[in-house]
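Positions are given from 1, in the same order as the sequence printed here. None of the values given here were measured: they were computed from a predicted structure.
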Amino acid sequence: MNEQDTPTTGSEVASSDGHGQAVRLDEGHVVGQGGIPERFSNPGLPTHVPRMADLSEAAAKRAEKQVAALFGISIIGTLLFVVLYFALDTNSTVYVPGIGTTSATNAGLGVTLALSLLGIGLGAVHWAKTLMPDEEVVEERHPMRASDADRSEVVRVLAEGGSTSQITRRPLLKYTLGGAMALFPLGLVLQVGGSLGELPKKSLSLTWWNGGPSGPGEEPEFKPLRLMKDPENLPILASDITIGSVVHVMPEGLLPDPKTQEGGAEHLLEEKAKAAVLLMRLDPAQIKSQKELDWGYQGIVAYSKICTHVGCPVGLYEQQTHHLLCPCHQSTFDVTQDCKVIFGPAKRPLPQLKITVDDEGYLVSAQPFREAVGPSFWERG
């Protein structure tokens with residue numbers, strides 16, 4: 001037996017008191033003195049140590065004022081947020097150490113919103129640690145549905161909890177917490193509501209085809225507008241449109257002049273999104289809708305390019321079947337049936353633009369869309 005095979009003092013697996021002991025693995029074989037105990041003793045709960053607020057009413061009052069001060073910081077932060085939201089210029093900047101020059105609006109609103117939320121959080125934590133009960137309790141397992149007596153006891157305990165939290169006894173906490181919690185959402189609601197921009201009014205139901213700009217508060221008077229190729233911004237002769245053709249069209253005056261790039265709509269993207277039209281020519285014998293024939297010109301028909309499902313641009317025209325396909329969710333419209341939906345989630349046909357020709361043979365609008373283009377909205381129709 002060599003030196004490494006000789007057990008040394010203190011190398012046992014378990015000591016006489018039943019607790020395990022660390023064993024060196026480089027000192028040879030070790031003989032254990034038993035397995036796990038038959039029963040683990042209940043370690044119990046640590047002795048409760050009273051806090052200053054538990055022993056002294058003066059300390060409790062001091063903690064109450066500290067919590068109220070934190071809630072007050074939250075109130076001040078929310079009010080400052082509201083003031084800065086209206087007072088700061090969105091184009092102004094400010095220097096922040098460690099960050100550099102940044103938007104004054106972002107910095108001011110971020111700091112005040114942080115104070116508003118931080119005051120509530122720190123106040124709640126300090127309240128829980130200084131004034132609310134801190135004794136550890138154990139509740140034995142019970143069936144998933146408690147008895148009626150237990151449910152009544154829960155109600156009693158909750159009511160008692162409200163009493164022991166001292167919120168009824170200390171109205172200063174109740175009112176400052178209520179004020180902080182009531183005012184904090186104001187910053188979020190104001191930010192969302194104030195950032196939505198101008199109310200749309202009738203602009204969702206109007207397009208440039210009504211006679212001109214159709215933004216919020218604008219109600220153009222109808223006048224016939226030539227159909228212009230997009231992006232060339234050139235008028236279209238009816239004689240140039242052959243069967244099977246499809247042309248992307250915008251109304252006259254919407255796009256800037258192709259030579260000088262002057263003019264055009266002030267809010268070009270918004271107006272294009274509503275006024276986009278697809279122009280197609282079919283054999284009149286294939287058109288099954290009399291209204292479609294009446295609103296077209298010698299088989300040339302014009303329909304809104306904006307899908308009535310969620311507003312995606314219709315992107316595929318099948319020349320043989322005369323089907324229009326929206327690539328987003330595969331809504332399919334049959335042009336021979338007044339763009340009736342024959343497949344997909346769209347619920348309404350594409351709106352048709354009534355067209356005719358002017359004295360020079362150019363295609364012009366005969367009236368604006370009779371219904372709002374695109375997907376549904378609250379006041380549609």
Strictly distance-based, threshold 3.5 Å: is any side-chain N or O of Ser152 a donor or acceptor partner for the main-chain N or O of Asp148?
yes
Looking only at side-chain N and O atoms, does Ser214 offer a donor or acceptor that is under 3.5 Å from a partner on Glu271?
yes
What about Val335 and Val314, same hydrophobic cluster or not, with Ile/Leu/Val/Met/Phe/Trp/Tyr joined at side-chain heavy-atom distances under 4.5 Å?
yes
Backbone of Asp150 reached by a side-chain donor or acceptor of Ser147 within 3.5 Å
yes
Hydrophobic cluster identity match, Leu173 and Ile75, side-chain contacts under 4.5 Å
yes
Any chance you could measure Leu293, atom CG, to Gln286, atom CD, to the nearest 0.5 Å?
11.5 Å
Flag the pair Leu278 / Leu350 as yes when at least one side-chain heavy-atom distance between them is below 4.5 Å, and no otherwise.
no
Taking atom CD of Gln320 as the centre, report whether more than 12 heavy atoms of other residues, nucleotides or ligands fall under 6.0 Å from it.
no
Taking the side chain from Ser56 and the backbone from Ala53, do they hold a donor-acceptor pair closer than 3.5 Å?
no
Hey, what do you get for CD (Glu292) to CD (Gln290), rounding to the nearest 0.5 Å?
10.5 Å
Donor-acceptor pair, side chain of Arg226 and main chain of Glu252, under 3.5 angstrom
no
For Lys129, check salt bridge (charged side-chain N to carboxylate O under 4.0 Å, His left out) against everything at least two apart and list the hits.
none
Return yes when the gap between the SG atoms of Cys326 and Cys307 is under 2.5 Å; return no otherwise.
no
Counting only heavy atoms not in His267, do more than 12 fall under 6.0 Å of its NE2?
no
Does atom NZ of Lys229 have more than 12 heavy-atom neighbours from other groups under 6.0 Å away?
no
Can you give me the closest heavy-atom contact between Ala107 and Val96, atom names plus distance?
CB-CG2, 4.4 Å
Do the side chain of Gln319 and the main chain of Gly244 share a donor and acceptor less than 3.5 angstrom apart?
yes
I'd like to know whether Leu115 forms a side chain to side chain contact (heavy atoms under 4.5 Å, CB included) with Ile76, so could you lay out the CA-CA distance, the side-chain angles of the two residues, the decisive distance to 0.1 Å, and finally the verdict.
CA-CA 8 Å; Leu115 284 176; Ile76 294 172; over 6 Å; no
Beyond-backbone contact of Leu188 with Leu113, side-chain heavy atoms, under 4.5 angstrom
yes
Flag yes if more than 12 heavy atoms outside Lys291 fall under 6.0 Å of its NZ atom; otherwise flag no.
yes
Which atom of Thr78 lies closest to which atom of Ser116, heavy atoms considered
OG1-OG, 2.5 Å
Mark yes when over 12 heavy atoms from residues, nucleotides or ligands other than Arg156 sit less than 6.0 Å from its CZ; otherwise mark no.
yes
Applying a strict under-4.5 Å side-chain criterion to I, L, V, M, F, W and Y, I'd like to know whether Phe369 and Leu363 cluster together.
yes
As an exercise, state the distance from OG of Ser289 to CD of Gln352, rounded to the nearest 0.5 Å.
7.0 Å
Check whether any side-chain N or O of Lys274 sits under 3.5 Å from a backbone N or O of Ser203 as a donor-acceptor pair, and report yes or no.
yes
Under a single-linkage definition using a 4.5 Å side-chain heavy-atom cutoff for Ile, Leu, Val, Met, Phe, Trp and Tyr, are Leu84 and Leu79 assigned to the same hydrophobic cluster?
yes
Work out which heavy atom in Leu88 is nearest to a heavy atom in Gly108; give both atom names and the distance.
CD1-CA, 4.4 Å
Do Asp338 side-chain atoms and Lys340 backbone N/O form a donor-acceptor pair below 3.5 Å?
no
A side-chain contact here means heavy atoms from C-beta on lying under 4.5 Å apart; do Leu282 and Thr336 qualify?
yes
Judged by atom type as modelled, is there a donor-acceptor pair below 3.5 Å linking the side chain of Gln330 to the main-chain atoms of Pro327?
yes
Can you sort out the partners of Asp54 under salt bridge (charged side-chain N to carboxylate O under 4.0 Å, His left out), two or more places apart, ordered by chain and number?
Arg51
When you measure from the side chain of Trp209 to the backbone N and O of Ala275, does any donor-acceptor pair fall under 3.5 Å?
yes
Determine whether His323 and Asp334 satisfy the following criterion, side chain to side chain contact (heavy atoms under 4.5 Å, CB included), listing intermediate values before the conclusion.
CA-CA 5 Å; His323 291 168; Asp334 188 350; 3.8 Å; yes
In Å and rounded to the nearest 0.5 Å, what is the CG to CE distance from Leu177 to Met181?
6.5 Å
Between Leu353 and Val277 the two heavy atoms that sit nearest each other are CD2-CG2, 4.4 Å
Under a plain distance cut-off of 3.5 Å, with no hydrogens placed, do Ser376 and Arg348 share a side-chain donor-acceptor pair?
yes
What pair of heavy atoms forms the shortest contact from Ala302 to Leu279, and how long is it?
CB-CD1, 3.9 Å
Side-chain contact, heavy-atom cut-off 4.5 Å: Asp134 with His48?
yes
State the CZ-CG distance between Phe222 and Leu206, to the nearest 0.5 angstrom.
13.0 Å
Is there side-chain contact between Leu255 and Lys272, with at least one heavy-atom pair below 4.5 Å?
yes
Would you say the side-chain atoms of His322 and Tyr317 include a donor-acceptor pair closer than 3.5 Å?
yes
Taking atom CD of Glu221 as the centre, report whether more than 12 heavy atoms of other residues, nucleotides or ligands fall under 6.0 Å from it.
no
Please tell me if the side chains of Glu318 and Thr332 come closer than 4.5 Å, counting only heavy atoms from C-beta onward.
no
Should we say atom CE of Met52 is surrounded by more than 12 heavy atoms from elsewhere, each under 6.0 Å from it?
no
Heavy atoms only: give me the nearest Ala60-Leu131 pair and the separation to one decimal.
O-CD2, 3.8 Å
Worked check of side chain to side chain contact (heavy atoms under 4.5 Å, CB included) between Trp127 and Ile167
CA-CA 10 Å; Trp127 185 359; Ile167 194 169; 3.6 Å; yes
Do Cys312 and Val310 come close enough that some side-chain heavy atom pair is under 4.5 Å?
yes
The reported gap from CD in Glu371 to OG1 in Thr308 (rounded to nearest 0.5 angstrom) is 8.5 Å
Does the Ser365 side chain pair with the main chain of Leu225, one donor and one acceptor, at a distance under 3.5 Å?
yes
In the single-linkage hydrophobic clustering (I, L, V, M, F, W, Y; side-chain heavy atoms under 4.5 Å), do Leu190 and Phe184 co-cluster?
yes
Decide yes or no for Met250 and Trp208: does some side-chain heavy atom of the first lie under 4.5 Å from some side-chain heavy atom of the second?
no
For Leu324 and Met280, run side chain to side chain contact (heavy atoms under 4.5 Å, CB included): C-alpha distance rounded to whole Å, both residues' side-chain angles, the deciding distance at 0.1 Å, then the answer.
CA-CA 11 Å; Leu324 288 171; Met280 297 150 286; 4.1 Å; yes
